[in-house]
Amino acid sequence: MLRLYNTRTRAKDDFQPADPRRVTMYVCGPTVYSFAHIGNARPPIVFDILFRLLRRTYGEDHVVYARNITDVDDKIMKAAATEGVDIDSITERFTRIYREDMALLGVLPPTLEPTVTGAMNVIIDMIERLVASGHAYAEQGHVLFSVASFPEYGRLSGRSPEELLAGARVEVAPYKRDPGDFVLWKPSSDDQPGWDSAFGRGRPGWHVECSAMIERDLGETIDIHGGGIDLVFPHHENEVAQSVCAHGGKLFVNFWMHNGFLKIESEKMSKSEGNVLLVHDLVQKHPGEALRYTMLSAHYRQPLDWTKDALHQSKKNLDRLYRTLDDSRELPLVESDAPDPFLAALYDDLNTPRALAELNEIARRVKSEPTVEGRARARAELLASAELLGLLTQAPEDWLKKEEPELEGDLGARVERLIEARADARKSRDFARADAIRDELLSEGIELVDGPKGTTWRRKS
Ligand code: AMP
Ligand code: ZN
């Protein structure tokens, strides 16, 4: 039995889908205006584990997982204006990069990846229904949700009306009847992206897009909705208000799940601290599985302290696991499922730290079981368990070659020297020499990648 902590009931509950032949899960996805940081990677990795677990439990074809792409947003408009390009070129670029980065972290593509631009008609339709039923009103080109029309507002986040009031902005926009009312639609000027609607040309607010895409792609009531803990209020509170009111009071989400925040070396990750780690940079410097292992080393609801040491330790653990696989490659191939103690850890609210401990225990048995059959079975259990975590997906010989520490050290130093030489050549505008260095490395299977923070290198796959 899968047990999951439910923010809605504030308890660890037995998970039961409404329809085991169509289990529905939604996770708020990225706003594609820039690179994702490592904190942003926590929800996709955490819910990827749940996705794998649900598929194992209910069958691959019986789980529908939607993770949206927010491709209309003021931050996107700002990024486009700064670069002097239209928003599509920003959103296409960062959608592509997001998918590539997630793939390198071993995140399976979700079943559905709806975009806001592709859902504009259902968004407008939902807003119209909310206005018609008295839950929203149009004012000065804006449409606002009326929180007073929904007595349960604040229940998900556990906020009292006083707290909600205190939380609302000090400066209240003149078109709001109640300071807590939030925007469903806002007007666009001629030079801003906009869509025609009964309320004039404009674009949707952030909250309503999720409600509309969920209704269209998954249904009025869904089994699981996830995201980071910071989204509980106001984003998810507002999703509940919109969806429940649009559906005549029907339950919107059965299980609400939220991951805790990630810190860097015990500090809050922020631009002002200058400690923001981008997934795009990390995947060039470290194997994706090591990043993923580090992410899984804390329980998803706990804060995760991302440190160099933890990442180093994850790499070492993976080296050991791959070495176990390599050393045992002569064992007969048998089939086995993941063993019970491992599964029990994951089925207990995705306890990945315990699951990793079990994984290492299984690896120990690959060596210590007294019989060949026992060792072969343990090896099969190791692979089946690792698959549920999205780990040990490479051929051991490839991993070990990549991870041979001394070789990497020497090679790394040489490549760094060549990168410097190339940078010097470029500075003195000797592009022929710069290109020659690049080509030389390329012929050895090493690719240079020029990024905002300088040049990095990676092995060509
Ligand atoms: P944002 O780009 O801020 O809207 O965040 C996208 C997703 O990443 C949301 O689900 C956030 O809850 C999540 N998120 C942002 N920062 C962190 C962090 N430091 N740790 C964990 N999750 C985060
Ligand atoms: Zn959302």
Side-chain angles (χ1 to χ4, degrees), residues 7 25-48 50 65-76 78-79 91 94-95 97-98 101-102 105 107 110 112-116 119 123 126 156-157 182 184 204-218 222 224-243 252-253 256-273 275-280 282 291 294-307:
T7 308
M25 173 159 89
Y26 183 89
V27 172
C28 301
T31 302
V32 281
Y33 70 101
S34 179
F35 296 96
H37 61 60
I38 189 66
N40 299 139
R42 199 172 190 195
I45 292 179
V46 163
F47 292 100
D48 180 65
L50 182 53
Y65 169 28
R67 191 186 63 211
N68 74 298
I69 302 265
T70 297
D71 60 352
V72 183
D73 179 270
D74 288 5
K75 286 189 235 118
I76 299 173
K78 208 168 144 201
T91 58
F94 287 107
T95 300
I97 290 171
Y98 187 77
D101 290 347
M102 289 307 126
L105 293 176
V107 174
L112 302 168
E113 221 178 12
T115 61
V116 177
I123 293 171
M126 181 177 260
L156 177 71
S157 56
F182 57 91
L184 301 175
W206 174 36
H207 313 299
V208 70
E209 60 186 56
C210 288
S211 285
M213 288 186 278
I214 290 170
E215 178 192 86
R216 182 193 64 185
D217 294 340
L218 300 179
I222 64 171
I224 299 168
H225 190 317
I229 189 81
D230 59 319
L231 298 187
V232 178
F233 187 87
H235 184 54
H236 290 162
E237 193 73 69
N238 293 353
E239 280 189 39
V240 173
Q242 295 157 164
S243 294
F252 170 43
V253 170
W256 276 103
M257 294 178 65
H258 294 97
N259 64 268
F261 254 45
L262 177 152
K263 291 180 159 194
I264 305 287
E265 311 282 351
S266 306
E267 302 278 344
K268 181 174 187 260
M269 178 168 41
S270 72
K271 276 209 180 119
S272 54
E273 293 283 341
N275 62 354
V276 177
L277 295 178
L278 302 181
V279 178
H280 200 64
L282 288 168
L291 301 166
T294 308
M295 197 66 96
L296 300 179
S297 65
H299 187 264
Y300 76 93
R301 283 195 284 125
Q302 298 299 320
L304 169 64
D305 192 15
W306 187 273
T307 64

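This chain uses plain numbering: 1 for the first residue, then up along the sequence. The structure presented is a predicted model; accordingly, all values stated were derived computationally and were not measured. In each ligand, atom 1 is the first atom listed, and ligand 1 is the first ligand listed.
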Check: So which heavy atom in the protein is nearest atom 11 (C) of ligand 1, and how far is it from that ligand atom?
Finding: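 For atom 11 (C) of ligand 1, the nearest protein heavy atom comes out as Asp230 OD1, 3.4 Å.
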Next item on the list: For atom 16 (N) of ligand 1, find the nearest protein heavy atom and state the residue, atom name and distance (0.1 Å precision).
Entry: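 Going atom by atom, the protein heavy atom closest to atom 16 (N) of ligand 1 ends up being His37 CE1, 3.3 Å.
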Test item: [X] side-chain N/O and [Y] main-chain N/O as donor-acceptor pair under 3.5 Å:
X      : Y      : value
Asn238 : Val208 : no
Glu237 : Ser157 : yes
Arg42  : Gly260 : yes
Thr307 : Glu265 : no

Which of the atoms in ligand 1, numbered in the order shown and given with their element, are less than 4.0 Å from a heavy-atom of [X]?
X      : value
Asn259 : 21 (C), 22 (N)
Leu231 : 9 (C), 10 (O), 12 (O)
Leu262 : 18 (C), 19 (N), 20 (N), 21 (C)
Gly260 : 21 (C)

Next item on the list: Indicate whether the side chain of Tyr26 and that of Asn68 have a donor and an acceptor atom separated by less than 3.5 Å.
Entry: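 Short answer, yes.
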Notebook entry, point to check: Aromatic rings His235 and His207: how do their planes relate, parallel, tilted or perpendicular, breaks at 30° and 60°?
Noted result: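 The rings of His235 and His207 sit tilted, inter-plane angle from 30° to 60°.
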Note to self: Tell me whether the rings of Phe94 and Phe35 are parallel (<30°), tilted (30 to 60°) or perpendicular (>60°).
What the structure shows: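 Geometry flag for Phe35 against Phe94: perpendicular rings.
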Next item on the list: Could you tell me whether Leu304 approaches ligand 1 through its side chain, its backbone, both or neither, with non-hydrogen atoms closer than 4.0 Å?
Entry: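 The answer is neither; Leu304 stays 4.0 Å or more away.
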Checklist line | Contact check: His207 to the Zn ion (ligand 2), N/O/S below 2.8 Å | finding: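 Given the 2.8 Å cut-off, His207 does not count as a ligand of the Zn ion (ligand 2).
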Item checked: Heteroatom N/O/S of Cys28 within less than 2.8 Å of the Zn ion (ligand 2) ->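 Of the N, O and S atoms in Cys28, at least one lies under 2.8 Å from the Zn ion (ligand 2), which means yes.
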Check: Distance below 4.0 Å between atom 4 (O) of ligand 1 and any protein heavy atom?
Finding: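 Flag for atom 4 (O) of ligand 1 set to false, no protein heavy atom closer than 4.0 Å.
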Next item on the list: Report the angle formed at the Zn ion (ligand 2) by atom SG of Cys210 and atom OE2 of Glu239, rounding to the nearest 10°.
Entry: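 Here the angle at the metal atom is close to 110°, to 10°.
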